[in-house]
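Structure first, commentary second.
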Amino acid sequence: MAKEITGRKIIATNRKARHDYFLDEYIECGIVLVGTEVKSLRAGGCSLKEAWVRIQNGEVWIYQMHIAPYEKGNIMNKDPLRPRKLLLHKNEILKLEQRIKEKGYTLVPVEVYFKNSNVKIEIALARGKKLYDKRADIAKRDQQREAAREFKVRNLG
């Protein structure tokens, strides 16, 4: 499940985020975890499908990020859906909070990965897509797929 890209071992991606939002600015941040959660992430047990990010009291939290319980972790396992704190500098948090208030942005988790044996999460400042935007993206993707198919047929024949 995990793949290697430029020194990063990707654990989970949020494909729904790219479908539902325009992702403008990406931010890499750390995440506070316990030992059994890290072991579970090494086994690939993570989902960002329903996850969302909120800023509360000057801290950034991620909610509904599912980390499967570690099978050998008996009493040390935590709730799989518990809120987890994200690690950012104070000035970054203030900048994000300001952007969210003034321009109608939201924070969306995009991917979870290992970077130099540390678990990192990439969040993005995002604007919601309207239904016609989603349809336009699907039509554009279909056109590209059709053009690639025609190109392949011409070059083989």
Open item on the list: Please list all pairs meeting ring pair (Phe, Tyr, Trp, His ring centres under 6.0 Å) that have one or both residues in residues 95-130, counting only residues at least two apart or in different chains.
Closed with: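 Qualifying pairs: none.
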- [ ] Using the ring pair (Phe, Tyr, Trp, His ring centres under 6.0 Å) rule, collect all pairs that involve residues 24-52, keeping only residues at least two apart or in two chains.
- [x]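 Residue pairs with at least one partner in residues 24-52: Trp52-Tyr63.
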Identify whether [X] and [Y] are in the same connected component of the hydrophobic contact network (ILVMFWY, side-chain heavy atoms under 4.5 Å).
X: Ile62; Y: Ile67; value: yes
X: Val108; Y: Leu96; value: no
X: Leu23; Y: Leu107; value: no
X: Leu41; Y: Val53; value: yes
X: Val112; Y: Tyr21; value: no

Task: Qualifying residue, where the test is side chain to side chain contact (heavy atoms under 4.5 Å, CB included) with Leu86 and the options are Val60, Ile93, Ile27 - done: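 Result for side chain to side chain contact (heavy atoms under 4.5 Å, CB included) with Leu86: Val60.
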Task: Check: Thr13 main-chain N/O paired with Arg15 side-chain donor or acceptor under 3.5 Å - done: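 Not at all, since once roles are kept as given, no pair shorter than 3.5 Å links the two residues.
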Task: Glu59 side-chain N/O to Gln56 backbone N/O, donor-acceptor pair under 3.5 Å - done: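 Between the backbone of Gln56 and the side chain of Glu59 there is no qualifying donor-acceptor contact (under 3.5 Å).
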TODO: Sorted by first residue and then second, give each salt bridge (Lys or Arg N to Asp or Glu O under 4.0 Å) pair with at least one member in residues 110-119; sequence neighbours left out.
DONE: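 Matches after skipping sequence neighbours: Arg8-Glu111, Glu28-Lys115.
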Task: Inter-residue atom distance Lys120.NZ - Ile31.CD1, 0.5 Å rounding - done: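 Here the rounded value is 11.0 Å.
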- [ ] First locate atom CG of Leu94, then atom CD of Glu92, and finally report the distance between them rounded to the nearest 0.5 Å.
- [x]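 If we round to the nearest 0.5 Å, Leu94:CG and Glu92:CD are 10.5 Å apart.
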Task: Verdict with reasoning, Glu146 to Arg149, per salt bridge (charged side-chain N to carboxylate O under 4.0 Å, His left out) - done: CA-CA 5 Å; Glu146 195 64 38; Arg149 190 177 298 137; 3.1 Å; yes
Taking the side chain as C-beta and beyond, is there a heavy-atom pair between [X] and [Y] under 4.5 Å?
X: Glu50; Y: Leu81; answer: no
X: Arg84; Y: Arg82; answer: yes
X: Cys29; Y: Lys85; answer: no
X: Leu48; Y: Val110; answer: no

Task: Remaining members of the apolar cluster that contains Val32, side-chain heavy atoms under 4.5 Å - done: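 The other cluster members (ILVMFWY side chains, heavy atoms under 4.5 Å, direct or chained) are Leu87.
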- [ ] Just jot down the salt bridge (charged side-chain N to carboxylate O under 4.0 Å, His left out) partners of Arg99, sequence neighbours excluded, or say none.
- [x]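 Residues passing salt bridge (charged side-chain N to carboxylate O under 4.0 Å, His left out) with Arg99: Glu25.
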TODO: Could you pull out all residues at least two apart from Lys39 that satisfy salt bridge (charged side-chain N to carboxylate O under 4.0 Å, His left out)?
DONE: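 None.
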If you look at every heavy atom in [X] and [Y], which pair is closest and at what distance?
X: Ile121; Y: Gly30; answer: CG2-O, 4.3 Å
X: Ala68; Y: Ser40; answer: O-OG, 2.5 Å
X: Met65; Y: Cys46; answer: CE-SG, 3.7 Å

